[in-house]
Every structure is written in C-alpha cells, then in structure tokens.
Amino acid sequence: RDYELHDLRRQVGVVLQDVFLFAGDIQRNIRLGESGIDTARVQAAARLVGADRFIARLPQGYASPVSERGSTLSVGERQLLSLARVLAFDPAILVLDEATSSVDTETELQVQAALHRVLEGRTALVVAHRLSTIQDCDRILVLHRVRLRENGTHAELLRQRCRYSRLYELQFL
C-alpha cells in the first residue's frame, strides 16, 4: 500500500515458460524499448546469462533480426534472452514460472547456471516441476491438489522421505 503500483511493478521481473519475443532485433528484445538501458548494459546482461555465445554466432550479432515470438531461435535461446532481459532491468524480485520446463537437458544446465547468476542477491518465487531447478532454493514449498503438503530445504525434504523425496527419486534415480 505504501508503493505506487508503477514503482512496485518495476521491481518485479518475470520469466515465463513461454517467452514472448517481439519483431525487431536481439538488442531491442532485451531492452524492450527502455531508453535508460544502454548497449553496454544489454551486452553485460547477455554475457552474464551466457546468451552472448549464441548471439555472437548470429550474422549481425545484437542487431540480428528476431521474428515475432522468436520462431527463428531455439526454446533455450529464447529463455536465455528472457533472463538477459530481466537482468538488464535489474529487479529486486523475480518470479520464475517453469523457466526450464521446455528445454532439453543440455540447455537446462545452461539456463540453470544463468539462473544462479540472475538470482544472486534477489528475492525469487520459483515455480517448477523439475526439481533440479529448485533444489538450491532457501525454502521449497511442495503443493499437491492446491494444498501445502511439505516445506523445507532440499536436504530437509529428502530426509522427510515424503512426497518431495519420492519425486526426487523419480526424476534422478
């Protein structure tokens, strides 16, 4: 109640499962038309999440065209651009909704490494079915049928030998 809605929204960054990219170029899709974000900041954000590697392979680098919805890029590349976008805006709070669910295992590892860098020093709400995405979180809440069933750290939940540990065994063993 003490914050203007506009100011509050600028402090929250969102990374969704289905990344929306706009027709334009790579840099415009990271900057989202925000004039206060210069080229150096765009490139620093891309470098931090590892997106600079695939951007460097594009014919025009940051000026390479992006079709609407990013159909010329892989799901993982779109996800890395989304993470770079969030980082360029530097919000205090992040909401990640199934940010790794649509990527292959190799890309998931790259996205997770980027997530570790993006989450550093921030408050985050991470929604995920892939336990590898959440196992380093400070607190994990296990929901089932709209009810909170368990909560704790990864290690605590594994020791409880309940729903979370069964999910872990199914995904990793």
Side-chain angles (χ1 to χ4, degrees), residues 1-52 62 66 68-70 75-103 108 110-157 160 162-164 167:
R1 293 182 183 177
D2 296 336
Y3 292 94
E4 291 292 324
L5 189 55
H6 173 75
D7 295 332
L8 180 61
R9 286 182 176 153
R10 293 199 60 81
Q11 292 303 312
V12 179
V14 179
V15 177
L16 301 173
Q17 174 181 357
D18 186 23
V19 177
F20 191 87
L21 297 178
F22 300 92
D25 62 25
I26 296 287
Q27 183 164 254
R28 180 174 179 258
N29 271 281
I30 294 174
R31 183 183 285 146
L32 290 181
E34 179 63 47
S35 60
I37 298 175
D38 62 13
T39 300
R41 192 157 144 196
V42 166
Q43 292 176 354
R47 189 171 37 261
L48 195 64
V49 300
D52 61 325
Y62 288 87
V66 175
E68 184 132 343
R69 301 203 49 84
V75 173
E77 290 167 341
R78 291 193 301 264
Q79 202 62 275
L80 289 172
L81 285 181
S82 180
L83 290 169
R85 179 188 290 166
V86 164
L87 202 57
F89 280 81
D90 196 27
I93 302 166
L94 288 177
V95 177
L96 306 173
D97 186 6
E98 295 289 357
T100 61
S101 68
S102 298
V103 297
E108 178 188 6
Q110 185 178 0
V111 170
Q112 283 180 356
L115 283 174
H116 283 287
R117 291 186 289 275
V118 170
L119 294 175
E120 198 169 300
R122 290 181 171 79
T123 299
L125 174 63
V126 182
V127 178
H129 284 90
R130 286 190 180 179
L131 301 186
S132 56
T133 303
I134 60 169
Q135 65 187 18
D136 292 332
C137 291
D138 296 328
R139 174 91 20 221
I140 299 168
L141 306 177
V142 180
L143 303 175
H144 181 70
R145 298 183 189 217
V146 196
R147 292 184 185 245
L148 177 63
R149 303 298 180 168
E150 302 167 28
N151 79 79
T153 65
H154 173 72
E156 290 168 349
L157 292 172
Q160 288 177 16
C162 293
R163 190 173 309 275
Y164 182 86
L167 289 171

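Summarising the geometry of Gly50 relative to Leu80, their closest heavy-atom pair is O-CD1, 4.4 Å, with the distance given to 0.1 Å. When all heavy atoms are compared, the tightest approach of Ala88 to Ala45 is N-CB, 3.8 Å. In this structure, Asn29 and Arg85 approach most closely via the heavy-atom pair O-NE, 2.8 Å. Closest non-hydrogen pair, Arg139 versus Glu156, comes out as NH1-OE1, 3.9 Å.
Panel note: side chain Arg78, backbone Gly70; a donor-acceptor pair is recorded below 3.5 Å. Counting only distance, with no hydrogens or angles, the side chain of Arg28 and the backbone of Ala23 share a donor-acceptor pair below 3.5 Å. Proximity of a side-chain donor or acceptor of Asp97 to a complementary backbone N or O of Gln17 within less than 3.5 Å is not detected.
Rounding to the nearest 0.5 Å gives a distance of 8.0 Å between CG of Leu8 and CD of Gln11. Distance check, rounded to the nearest 0.5 Å: OH of Tyr62 to CD1 of Ile30 gives 6.0 Å. In this structure, CD on Glu150 lies 8.5 Å from CG on Leu148, to the nearest 0.5 angstrom.
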Worksheet entry | Trace of the side chain to side chain contact (heavy atoms under 4.5 Å, CB included) decision for Arg69 with Phe20 | CA-CA 5 Å; Arg69 301 203 49 84; Phe20 191 87; 2.8 Å; yes
Worksheet entry | Stepwise side chain to side chain contact (heavy atoms under 4.5 Å, CB included) test for Tyr164 and Gln135 | CA-CA 11 Å; Tyr164 182 86; Gln135 65 187 18; 4.1 Å; yes
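Between Arg10 and Glu34 there is a salt bridge, with a side-chain nitrogen of the basic residue lying less than 4.0 Å from a carboxylate oxygen of the acidic one.
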